[in-house]
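Single-structure report; data block below.
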Amino acid sequence: WQTGFNDVSVSSTTVKDTDAGVVDVEFLITENQRGQIESVQLSGNLRTSDAFVRSQIGLDPGTLVDFEQLNQARRRLYGTGAYSLVDIQAVDTGGDLAPSTKPVAIRLNLREVAPYALDYGAFFDTERGPGAIGDFQNRNFLGNARVLGLRARYDADLREVRGYFSQPSQRGLSIATNVAGFVRREFESDFITARRGVSVQQELTLRNRFVLSYGYRFERAHTFERNPDPLFPFDIVLNVAPVTVALNRDTRDDALQASRGTFTSHAFEYASGALGSDLKLIKYFGQYNRYFPLSEASPVPFGGGVEKPRFLFASSSRLGLAAGLGGQDIVPSERF
């Protein structure tokens, strides 16, 4: 019951059994009691530095305990992706600093995620046939919750290898930075497009589950026909270098296996010669997904106690628009 200090503190509880089998619980309450942070004690951060943790939580000795601030500190630490457990306690250390003010020690116990992770899977659908995907991550690269990873995907329509680096958001600036290099080959009915390039992107977390992302991508796209005309073959190599802006909102209960909630996204691209692009274009891609449960939640087989509805209704709407600028047409590699 270390939840007061600002207005009310519960210093002890007493449980008494009565003859009738009823339990009485008595609380000793002190009103108008404030807590002042005397020290911040860390444990469990084996790979992430004390300086990184303290920069995330923003709890400084000498300030008054604010439990909303403690909740925000907990959310920021979970948001870095470096911890599987964040336990924050405000403990009265005894004594008085001033009338109605007690010294408090903030005890922060952390459990870090495993430093290496390998995810892999296989799939089959009626259009692409069989496919596989794998992802290897160092989830605390050089400390401070940085992520270094390599991802690969292979199926009949898409083959890609992508290396990426991610720096999580820092206190005061809820901005995550992502850098990636990729080699990609896309197979359409008539064309094949081979791409290689780099991208830099930042994500800004806003209120009410909105995420604003923006960045720059430079790629070299080689598009050619599967069965070229011997006299007039289509074979073109172009630099594509757009700036990108996207606004997303995700209220789904699970990003991979949603049973309720919505996902909304609006993404824009703009490419011009000033950005190093041979193509001059503007594109928009929007999507809206919504999920309705049609039955009560029940345990998922082999789900470790997770409960999900067995039946649900899922709907999805997508809209893609593109236009060439300066009299250019949209080449096949940039069409939807």
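The pair Glu160-Arg153 does not count as a salt bridge, with every side-chain nitrogen at least 4.0 angstrom from each carboxylate oxygen.
To the nearest 0.5 angstrom, Arg151 atom CZ is 9.5 Å from Asp119 atom CG. Between atom CD of residue Gln287 and atom OG1 of residue Thr264 there is a gap of 9.0 Å, rounded to the nearest 0.5 Å. In this structure, CG in Leu294 is found 14.0 Å from CZ in Arg310, a value given to the nearest 0.5 Å. Rounded to the nearest 0.5 Å, atoms OH (Tyr288) and CZ (Arg249) are 9.5 Å apart. Arg74 contributes atom CZ, which lies 14.5 Å from atom CD of Gln56 (distance to the nearest 0.5 angstrom). The line from CG of Asn178 to OG of Ser213 is 9.5 Å long, rounded to the nearest 0.5 Å.
Residues Thr193 and Glu186 bring no donor and acceptor atom of their side chains to less than 3.5 Å of each other. Residues Asn248 and Ser265 bring a donor and an acceptor atom of their side chains to less than 3.5 Å of each other. Side chains of Tyr116 and Gln137: a donor-acceptor N/O pair is absent below 3.5 angstrom, by distance only.
Ring to ring, Tyr291 and Phe263 are not that close: their centroids are 6.0 angstrom or more apart. Phe268 has its ring centre no less than 6.0 Å from the ring centre of His266.
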- From CA spacing to verdict: ring-ring contact (aromatic ring centres under 6.0 Å, His included), Tyr164, Phe182: CA-CA 9 Å; Tyr164 57 92; Phe182 57 90; over 10 Å; no
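The environment of NZ in Lys280 is sparse: at most 12 heavy-atom neighbours from other residues, nucleotides or ligands sit within 6.0 Å. By the neighbour-count criterion of 12 heavy atoms within 6.0 Å, atom CZ of Arg107 is sparsely surrounded, having that number or fewer from other residues, nucleotides or ligands.
Judged by the 6.0 Å distance and 45° axis criteria, Lys283 is positioned over the aromatic ring of Phe336.
For the side chain to side chain contact (heavy atoms under 4.5 Å, CB included) with Phe210, the qualifying choice from Leu204, Leu247, Asp250 is Leu247, the only one to do so.
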